[in-house]
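Both ligands and their constituent atoms are indexed starting at 1 by order of listing. The analysis underlying the following values was restricted to heavy atoms, covering all of them including side chains, and did not include hydrogens, waters or symmetry mates.
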Amino acid sequence: MSASTLHDLIGVGFGPSNLALAIALQELSQSRGKAIDALFMDKQEHYRWHGDTLSSQSELQISFLKDLVSLRNPTSPYSFVNYLKHQGRLVDFINLGTFYPCRVEYNDYLGWVAEQFADQALYGEEVLRIEPELDNGVIHHLKLISRNAQGMERARRTRSVVISTGGSPKIPTIFAPFKDDSRVFHHSRYLTGMKNLGCGQGKPMRIAIIGSGQSAAEAFIDLNDSFPSVRAEMILRSSALKPADDSPFVNEIFAPAYTDLVFQQQPEDREKLIREYHNTNYSVVDLNLIERIYAVLYRQKITQRTRHAVRCRQQVDAAIATEQGIELTLRDLATQQRHTQRYDAVILATGYERQSHQALLAPLEGYLHGLEVDRNYRALASPALQAPVFLQGFCEATHGLSDTLLSVLPMRSEDIGRALYQALDTAIAHSETKVCALASA
Ligand SMILES: Cc1cc2nc3c(=O)[nH]c(=O)nc-3n(C[C@H](O)[C@H](O)[C@H](O)COP(=O)(O)OP(=O)(O)OC[C@H]3O[C@@H](n4cnc5c(N)ncnc54)[C@H](O)[C@@H]3O)c2cc1C
Ligand SMILES: NC(=O)c1ccc[n+]([C@@H]2O[C@H](COP(=O)([O-])OP(=O)(O)OC[C@H]3O[C@@H](n4cnc5c(N)ncnc54)[C@H](OP(=O)(O)O)[C@@H]3O)[C@@H](O)[C@H]2O)c1
């Protein structure tokens, strides 16, 4: 591939969103008799799905039937069921009697699919920015600037781009100064962070977990199960650990058809819908995990040997690093009383932000309408920007709560695939007309 190779599409990130797109594009190429030349770039050295959070007890929070493809095409060779068949585990999985495989297995499924698209994937390159290539004031092509592990920068050209870079760790301001302190780390780096602490070798440690979402709960239970020398304290602002509502009627908000319903609303009504169902996804925990945590604390009461704690209504007002540990000043939100507690380490299970597309698209800012998208996830742009830009995972405000999840990947990737084919057909027809006009001039 030469530096001037012009791709039809570059996908930024090769997580589940762009993997689903790769499958949809392959299907569309069969029905259209024409393949899109797509390249998917990922900054990781090899395929991993939230790889540093894959503790042994963690399970998928969605039915395996909502895999990369089955909702659209249950006969696809890329289904989770076909993966199980190829691994020789289909019967055993059925015997498990669950819809929720462990995340270690789902990571393996995604890696198995990614392997089949290896010729379209490029790992170990972080895309830094997406620049316009101006041709008489019009942008038909984009230039993606990326950096590899050795720090070398390089440009690649494309007719279109799909940004699917996922969430970025949310670090509360109080903990920003701890960027280089290995005793404080976000849950997205859980396994590596724990390896660096030394409690794997039995060193006694008191560890604070900030947050009350699924990540915090999974960290708590893993510290209990895998690190017998650790005392874990979950520190939450809310008054209790609350369950994720995944009851059947509520779950209908994650149905593909619901995307239309949300998109058709006025902005304030969309916002209301998202707020109403916030407790399906954010700051909530699977009920069975809450019950496990409660049981752990209850057993402590029987033995009267207190190891762990769940501290509700606690706001972290200050954090100070000392040689002995990290001192947190906690304020009880009911009584306003403060007390300081020292921990050997702090895990920030403080959630994710969805902003990475903004920095990538900064050079195109003048052509984009505030990163708003149409129903097919194409960024609204001024007529000068002919090269289409699509966003996956950054459209919760317009497309609903399923946007950051696995729920509608098969449908979303088909929507984008179709819109992409249409946009590229138009662009190619336009450039052919231009060439003919030049030839006859
Ligand atoms: C721990 C955890 C567990 C989850 N479990 C579930 C679940 O069970 N069910 C569910 O529905 N949702 C779950 N989610 C939500 C999650 O967002 C989706 O599962 C899914 O990962 C979204 O896929 P994605 O491809 O959009 O983003 P991601 O999976 O985040 O993938 C983004 C990819 O882009 C790459 N990347 C980022 N920036 C760049 C760049 N600048 N250049 C190149 N590559 C880049 C990253 O390396 C990554 O591989 C979970 C989230 C977390 C954090
Ligand atoms: N097994 C799985 O499938 C699995 C595992 C992990 C995560 N996930 C998914 O990943 C997504 C994110 O989950 P998550 O648990 O990482 O994040 P989350 O649900 O957004 O929860 C973040 C938590 O951090 C707290 N927090 C944020 N800022 C804070 C601050 N400044 N001070 C104190 N607390 C603060 C929040 O508290 P408040 O509530 O007070 O704001 C909240 O409890 C969800 O979709 C989840 O389902 C799935």
*Is D317 paired with R338 through a side-chain N to carboxylate O contact shorter than 4.0 Å?*
yes

_Side chains of H399 and V373, heavy atoms from C-beta outward: is any pair under 4.5 Å?_
yes

List, for ligand 1, each N/O atom that has a protein N/O partner under 3.5 Å away, with both atom names and the distance.
from     : atom 1 : to   : atom 2 : distance (Å)
ligand 1 : 8 (O)  : Q61  : N      : 2.7
ligand 1 : 11 (O) : L406 : N      : 2.8
ligand 1 : 17 (O) : R354 : NH2    : 3.3
ligand 1 : 17 (O) : T404 : O      : 2.7
ligand 1 : 21 (O) : W49  : NE1    : 2.8
ligand 1 : 21 (O) : H50  : NE2    : 3.0
ligand 1 : 25 (O) : P16  : N      : 3.2
ligand 1 : 25 (O) : S17  : N      : 3.0
ligand 1 : 25 (O) : S17  : OG     : 3.4
ligand 1 : 26 (O) : S17  : OG     : 2.6
ligand 1 : 41 (N) : V127 : O      : 3.0
ligand 1 : 42 (N) : V127 : N      : 2.9
ligand 1 : 44 (N) : K43  : N      : 3.1
ligand 1 : 47 (O) : D42  : OD1    : 2.7
ligand 1 : 49 (O) : D42  : OD1    : 3.3
ligand 1 : 49 (O) : D42  : OD2    : 2.6
ligand 1 : 49 (O) : Q44  : NE2    : 3.2

Tabulation required: pairs of a nitrogen or oxygen in ligand 2 and a protein nitrogen or oxygen under 3.5 Å; columns are atom names and distance to 0.1 Å; otherwise 'none'.
from     : atom 1 : to   : atom 2 : distance (Å)
ligand 2 : 1 (N)  : S58  : OG     : 3.4
ligand 2 : 1 (N)  : E59  : O      : 2.8
ligand 2 : 1 (N)  : R103 : NE     : 3.3
ligand 2 : 1 (N)  : E218 : OE2    : 2.5
ligand 2 : 3 (O)  : E59  : O      : 3.3
ligand 2 : 3 (O)  : Q61  : OE1    : 3.4
ligand 2 : 15 (O) : Q214 : N      : 3.1
ligand 2 : 15 (O) : S215 : N      : 3.0
ligand 2 : 15 (O) : S215 : OG     : 3.3
ligand 2 : 16 (O) : S215 : OG     : 2.6
ligand 2 : 19 (O) : S283 : N      : 2.8
ligand 2 : 24 (O) : A349 : O      : 3.2
ligand 2 : 39 (O) : S283 : OG     : 2.7
ligand 2 : 40 (O) : R237 : NE     : 3.0
ligand 2 : 41 (O) : R237 : NH2    : 2.9
ligand 2 : 43 (O) : S212 : N      : 2.8
ligand 2 : 43 (O) : S212 : OG     : 2.9
ligand 2 : 45 (O) : N281 : OD1    : 2.5
ligand 2 : 45 (O) : N281 : ND2    : 3.4
ligand 2 : 47 (O) : Q61  : OE1    : 2.6
ligand 2 : 47 (O) : N281 : OD1    : 3.4

_Validation row, ring centre Y190 to ring centre H187 under 6.0 Å_ = yes

*Aromatic centroids of F80 and F93 separated by under 6.0 Å*: yes

_Proximity of F64 and Y109 rings by center, below 6.0 Å_ = no

*Are Y78 and F117 an aromatic pair by the rule of ring centers under 6.0 Å?*
yes

*Looking at the rings of H46 and Y123, which for Trp means the six-membered one, are their centres under 6.0 Å apart?*
no

*Does one side chain, of D52 or T192, offer a donor that lies under 3.5 Å from an acceptor on the other?*
yes

_Salt bridge flag under 4.0 Å for residues R129 and E131_ = yes

